Amino acid sequence: MAAELKQNHVGRPQVNGDHSTSERIQIVDEEKKFTPDLTTQIEKWGLRDAGFSYDIVAVFGSQSTGKSTLLNRLFGTNFDVMDETKRQQTTKGIWMCRGKNMNVMVMDVEGTDGRERGEDQDFERKSALFSLASSEVLLINLWEHQVGLYQGANMGLLKTVLEVNLGLFGKKTQDGTSGRTLLLFVIRDHIGQTPLANLQNTLTVDIQRIWESLSKPKDLQDSRMADYFDLAFTALPHKILSADAFESEVKRLRNRFVDKQDPEYVFKPAYHKRIPADGVAFYMENIWEQVQSNKDLDLPTQQELLAQFRCDEISAVALAEFNEQAKSQKRPIEAGKVVDGVGEMMRSWRKMALERYDRDASRYHQGVYKRKRTDLLAAIDAILSPLFLGQLKNLHKLCLSTFKKDILDGLKGDDYDFAEVVGKARTKCEKRFTEGAKEAVVDPESTQWSWEDELELLKEEVKIVGDQCRKDETKKMVNTIERNFKKQISEPVEMALHKASPNMWDTILIAFKETLDKTESSYLSKARSFNCTEEENTLALATLRRRTWQALRSKIDEQTAEAVILGKLRGHFEERFRYDEQGVPRVWQPGDDIDGAFKKAKDDTLDLIPLYSKIKPVNLSVEYTLPDDAIAASADTSGSSEEYDFNASLTVLSETRTLDITNKFRKDADAYYVEAKRSTVSSIAHIPLWMYGVLVVLGWNEAMMLLFNPIYFVMLVGLAGAAYVVLQLGLAGPLIQVGRTVANEVQRQATDRMREHFREPVPAQATRVRSADDDDEYELRSRRGTTPI
């Protein structure tokens, strides 16, 4: 039926309706020929004498988007519509029909991007340009999902049409104006999720961008799109899923073409071409001839088409071979490995791919060959660029790791110059990176690959590592110097505190200053090789002074611990109480002045405790004050950032400790005094000699009885033998101890039995209260090991 309708360029009349207004005509057929019957058909439509009282509207859009259906609904035309079950081309060429009850000539243009024409875009371009140049209103029909697409929304075709239209028909009239055309975008299947305003903005931006990118004639360089085109937008719901809403919106849109009172009425006088109705056929025929003869709309020649096809094919083969070669080194680089000679390999792959392309493609059209070669080169460089960047990253990591290892190897041992070690490692690192980076560059002129930024980043990291190593080595050096200081200061402190003379603090501070001066000199001599800044040296010296003072205080605290200082005081007391001026031990006689010697030795010893309690030299010139920077230094042994209380560190023994040590020393001294007193008593209480004679005379008979009585003599010999054995085996003490224990136990058991027998409580007065003198006696016996069991 469709074929029959299109014979002789005229369709059959509609069954219902006016015959003259329902006929349609194919004004341009599939062979791009313009019909000679348009004038006759306009006369049949009754528009020949309409003068300027007519309008022309056309539709533009992709194939099968419902253009014919839209025109039929809007203007009551009878264009053929697509069979939904087949989805094939319906409109071929350009058709025209008069709107029902409207002085409107409606053009239905063949859809773009149809599979029937394939890549033949010549008719698409020419029909689009024809409809744009001849109509007052051009309906651009597109789906909502095509908004924002370039090819999908026919923006590429529209750009070509606008550009040629400006060159052919863009000249202004004598009154300085140019005829404008309304571009009415009809967005189909609008579901409302994206507001129409947003879609309108997107399309407006796209059209404006296209206009700005046009190659305009010299005299129209400053022309604006608003001088030639107005933009309008509307949206229609889905024709099937929202049928009622679709019909409602179509009626509203139709009203814009019918009702002149509508604010959005589209047929404005500014859009009219000012061609009488009887001259429309001739006018359109001339436009089509200009469109047909325009070379800017021609498709490439067969030679160019062949060149494009073959160059693409050759380029794809060369690129595939190149990808296969590059794949072998892609994985190691991605794994973080530095591939030696990767630059040479990439240059070789690149050269082979281009030679392969040049060999096979250079015989084709030179313009296409060169353009495709540029594209191939860009594709190759896009593949090589990640390899180059990956090689730089891996080289960066390797050089940095090697730099750290070289520093650690160079710092082994004691005889090394830190600055020299770091300098050599840095030079080696930067040299290796530079050589590797230069080798990896494929073509400095065409690729414009840069490795200098990566080198600067490497230098910054090398500097950070070097500074950290310098800080670590400086800290290590300070720790070593501090240990040496402790060894050097230990003996002078011990000797000075052992003598406990009034000027012992003078001796200690003088030794401290001398040792500190040597320590600072040692640091400064070693710090020169570290390239330390003046600020770092100042901070390190301040830290060193503080830590050396803390080391001195630590040694003093060690030598003034409670047990140690009590031992020193006892030794000082014994030296003056138990020995005379010549150092000979004293044997106290009843006539000796024990009290005076005890008091003098005790007072002299007690005078030493205040001397130990605070670091206070006799000579004021020897006094030492910790500098302020050392007090505020944060790099102390405890890691604390609080300021050090130097004045508090001068106090060795607090008042509480001093009192406690004094009391304990007094008890020790009193014990020595009691012992001395007892020694004089033991020397007085000896047995007179005559008493031994009395014992012999009085015991003579008993002795003779033991010697001459066999039984007693045997018992005496046995006891003597047992005593000898006990003495030889060293069992006398244990036997005595056992005997005492047994006796005490027997006594305790007897006492308990007697108490139970008489059942009388022990009176409170019988409980013996031990006095303070008894406590002193008990403590003295405990110290001497003579406490009774």
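Given the structure is predicted, the values throughout are model-derived calculations rather than measurements.
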Going by atom types alone, do [X] and [Y] pair a side-chain donor with an acceptor below 3.5 Å?
| X | Y | answer |
| --- | --- | --- |
| D230 | Y271 | yes |
| N72 | T77 | yes |
| K32 | Q292 | no |
| K126 | S131 | no |

Is the NZ or CZ atom of R24 both under 6.0 Å from the centre of the six-membered ring of W95 and within 45° of that ring's axis?
yes
For the residue pair [X] and [Y], establish whether any side-chain heavy-atom pair is separated by less than 4.5 Å.
| X | Y | answer |
| --- | --- | --- |
| I94 | Q26 | no |
| L376 | K372 | no |
| Y369 | D358 | yes |
| V147 | L203 | yes |
| V442 | I380 | no |
| V28 | T35 | no |
| E43 | D49 | no |
| R98 | V104 | no |

Verdict with supporting geometry, L377 and L354, side chain to side chain contact (heavy atoms under 4.5 Å, CB included)
CA-CA 8 Å; L377 191 60; L354 292 177; 3.6 Å; yes
Could you tell me whether a side-chain N or O of [X] sits under 3.5 Å from a main-chain N or O of [Y], the two making a donor and an acceptor?
| X | Y | result |
| --- | --- | --- |
| E136 | V57 | no |
| D262 | D259 | no |
| R188 | G66 | yes |
| H272 | Y54 | yes |
| N201 | A197 | yes |
| E454 | W451 | no |
| S328 | E324 | no |
| N323 | L319 | yes |
| W45 | C97 | no |
| N394 | I333 | yes |

Evaluate the criterion side chain to side chain contact (heavy atoms under 4.5 Å, CB included) for residue pair V106 and F79; output intermediate values, then yes/no.
CA-CA 10 Å; V106 183; F79 295 119; 3.9 Å; yes
Atom [atom1] of [X] and atom [atom2] of [Y]: how far apart are they, to the nearest 0.5 Å?
| X | Y | atom1 | atom2 | value |
| --- | --- | --- | --- | --- |
| E247 | L236 | CD | CG | 10.0 Å |
| L132 | S127 | CG | OG | 11.0 Å |
| F267 | M102 | CZ | CE | 5.5 Å |
| E334 | Q329 | CD | CD | 11.5 Å |
| E249 | T234 | CD | OG1 | 6.5 Å |
| N141 | F185 | CG | CZ | 11.5 Å |

Before you tell me yes or no, could you show the steps for K44 and T39 under side chain to side chain donor-acceptor pair (under 3.5 Å), namely the whole-Å CA-CA distance, both residues' side-chain angles and the distance that decides it to 0.1 Å?
CA-CA 9 Å; K44 290 181 179 181; T39 302; over 6 Å; no
Compare every heavy atom of [Y] with every heavy atom of [X], then report the nearest pair and how far apart it is.
| X | Y | value |
| --- | --- | --- |
| L74 | L139 | CD1-CD1, 4.1 Å |
| A353 | A318 | O-CB, 3.7 Å |
| I187 | W143 | CG2-C, 4.4 Å |
| A440 | Q391 | CB-CG, 4.2 Å |
| H238 | L241 | ND1-N, 3.0 Å |
| E144 | H190 | OE1-CA, 3.3 Å |

Go through it in stages, so that I can follow the logic: the residues are D375 and R371, the test is salt bridge (Lys or Arg N to Asp or Glu O under 4.0 Å), and I'd like the CA-CA distance, side-chain angles, deciding distance and then a yes or no.
CA-CA 6 Å; D375 295 341; R371 185 170 67 252; 5.5 Å; no
From CA spacing to verdict: side chain to side chain contact (heavy atoms under 4.5 Å, CB included), L138, M107
CA-CA 9 Å; L138 178 63; M107 286 192 294; over 6 Å; no
Are more than 12 heavy atoms from other residues, nucleotides or ligands located less than 6.0 Å from atom CZ of F282?
no
Would one find more than 12 heavy atoms of other residues, nucleotides or ligands at under 6.0 Å from atom CG of N198?
yes
I383 and K330: side chain to side chain contact (heavy atoms under 4.5 Å, CB included), yes or no, with the steps?
CA-CA 10 Å; I383 297 173; K330 185 177 181 180; over 6 Å; no
Evaluate the ring pair (Phe, Tyr, Trp, His ring centres under 6.0 Å) criterion for residues F257 and Y265: first the C-alpha distance (whole Å), next the side-chain angles of each, then the deciding distance (0.1 Å), finally the verdict.
CA-CA 6 Å; F257 291 90; Y265 182 71; 8.3 Å; no
